[in-house]
Colleague: 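Have a look at this one before I ask anything.
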Amino acid sequence: MHIMVINGPNLNKLGSRDPEQYGKKTYMDLISMIEAKASENVAISCFQSNSEGKIIDYIQLAGEEYNGIIINPGAYSHYSYAIMDALADVNIPVVEVHISDVHSREEFRRNLVTARSSDKIISGRGFDGYIEAIDYLIGEHK
Ligand code: DQA
């Protein structure tokens with residue numbers, strides 16, 4: 001199976017961005033951790049973009065060629081109907097991951113718009129949330 005991991009705006013700044021919320025490890029550390037989960041049967045491709053349109057392009061590609069999507073849409077999670085629509089249009093499982101616990105932060109972060117089109121939401125588990133998401137998608141694929 002082939003899993004696509006999409007990270008949205010400002011997640012390329014992991015490591016220096018608000019370490020209280022997101023920890024001190026970098027985006028490249030995250031990618032290494034995710035890629036270590038790949039195996040003979042599970043290919044994982046990772047993308048990051050700060051642009052809404054680019055993220056939608058990745059979702060559309062995943063819908064055609066992949067078996068599952070893991071997405072952290074960053075702040076777009078809270079207001080992007082365009083990403084919500086793109087995710088609703090794919091026929092593969094979608095897991096939305098948030099590194100921080102969005103429910104215990106500012107009020108606006110509790111409004112999860114894109115997650116309306118996801119099969120599962122993982123929030124507040126740090127980088128491990130992505131690993132949980134991979135395990136979930138592998139389980140769904142069986
Ligand atoms: C985030 C939470 C969002 O509210 C925030 O805008 C992000 C990261 C998270 O991973 O916890 O960019 O999605």
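This chain uses plain numbering: 1 for the first residue, then up along the sequence.
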Colleague: Closest approach of Ser45 and His2, non-hydrogen atoms and distance?
Modeller: OG-NE2, 2.7 Å
Colleague: So which residues get pulled into Ile121's cluster when ILVMFWY side chains under 4.5 Å apart are joined, directly or through others?
Modeller: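 Other cluster members: Val102, Leu112.
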Colleague: Hey, is the main chain of Pro93 close enough, under 3.5 Å, to the side chain of Glu140 for a donor-acceptor pair?
Modeller: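 Side chain of Glu140 to backbone of Pro93: no pair is present.
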Colleague: Can you name the salt bridge (Lys or Arg N to Asp or Glu O under 4.0 Å) partners of Arg110, sequence neighbours left out?
Modeller: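 Listed in chain order: Glu107.
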Colleague: Within this structure, what is the CZ-OH distance for the pair Phe127 and Tyr22, rounded to the nearest 0.5 Å?
Modeller: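 If we round to the nearest 0.5 Å, Phe127:CZ and Tyr22:OH are 11.5 Å apart.
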Colleague: Answer yes or no: is there a side-chain heavy-atom contact under 4.5 Å between Asn67 and Ile3?
Modeller: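 Result no, sub-4.5 Å side-chain heavy-atom pair not found.
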Colleague: Per the side-chain hydrogen bond (donor to acceptor under 3.5 Å, both in side chains) rule, what does the pair list look like for residues 118-131, sequence neighbours excluded?
Modeller: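 Every side-chain hydrogen bond (donor to acceptor under 3.5 Å, both in side chains) pair that includes a residue of residues 118-131, provided the two are not neighbours, is Asn7-Tyr130, Asn72-Tyr130, Arg125-Glu132.
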Colleague: Give me the atom names and distance for the closest heavy-atom approach of Ala133 to Val97.
Modeller: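 Scanning both residues, the minimum pair turns out to be CB-CG2, 3.8 Å.
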Colleague: About how many Å separate CG of Asp89 and OG of Ser117, when rounded to the nearest 0.5 Å?
Modeller: 9.5 Å
Colleague: Within the distance-only criterion (no hydrogens, no angle test), does the side chain of Ser51 pair as donor or acceptor with the backbone N or O of Gly53 below 3.5 angstrom?
Modeller: no
Colleague: Would you list the pairs meeting salt bridge (charged side-chain N to carboxylate O under 4.0 Å, His left out) in which at least one residue belongs to residues 17-40, sequence neighbours left out?
Modeller: Lys37-Asp135
Colleague: To the nearest 0.5 Å, how far apart are CD1 in Ile31 and CG in Leu14?
Modeller: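 Answer rounded to 0.5 Å: 9.0 Å.
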Colleague: Regarding Asn50 and Gln48, do their side chains bring together a donor and an acceptor under 3.5 Å, going by distance alone?
Modeller: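 Present: a donor and an acceptor within the cut-off.
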Colleague: Is there a side-chain contact (heavy atoms from CB on, under 4.5 Å) between Asn41 and Met1? Walk through the geometry before answering.
Modeller: CA-CA 6 Å; Asn41 300 323; Met1 74 178 295; over 6 Å; no
Colleague: Test question: given the 4.5 Å side-chain rule for I, L, V, M, F, W and Y, name all other residues clustered with Val113, or answer none.
Modeller: Tyr81, Met84
Colleague: Quick one: closest heavy-atom pair of Ala75 and Pro9, and the distance?
Modeller: N-CG, 4.4 Å
Colleague: Any chance you could measure His78, atom NE2, to Glu106, atom CD, to the nearest 0.5 Å?
Modeller: 8.5 Å
Colleague: Is it true that a side-chain atom of Ser16 and a backbone atom of Lys13 form a donor plus acceptor pair closer than 3.5 Å?
Modeller: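 Confirmed, Ser16 side chain pairs with Lys13 backbone.
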Colleague: Check for a donor-acceptor pair, side chain of Asn10 on one end and backbone N or O of Gly74 on the other, with a separation under 3.5 Å.
Modeller: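 No: the side chain of Asn10 does not pair with the backbone of Gly74.
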Colleague: Please name the pair of heavy atoms, one in Pro19 and one in Gly15, separated by the smallest distance, quoted to 0.1 Å.
Modeller: CG-O, 4.4 Å
Colleague: So Leu30 and Ile34, do their side chains get closer than 4.5 Å, heavy atoms only?
Modeller: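 SC-SC contact between Ile34 and Leu30 confirmed.
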Colleague: Other than Val90, which residues form its hydrophobic cluster under the rule that side-chain heavy atoms must be closer than 4.5 Å?
Modeller: Met4, Ile6, Phe47, Ile55, Ile56, Tyr58, Ile59, Leu61, Tyr66, Ile69, Ile71, Tyr76, Tyr79, Ile83, Leu87, Ile92, Val94
Colleague: Less than 4.5 Å apart, any side-chain heavy atom of Ile99 and any of Gln21?
Modeller: no
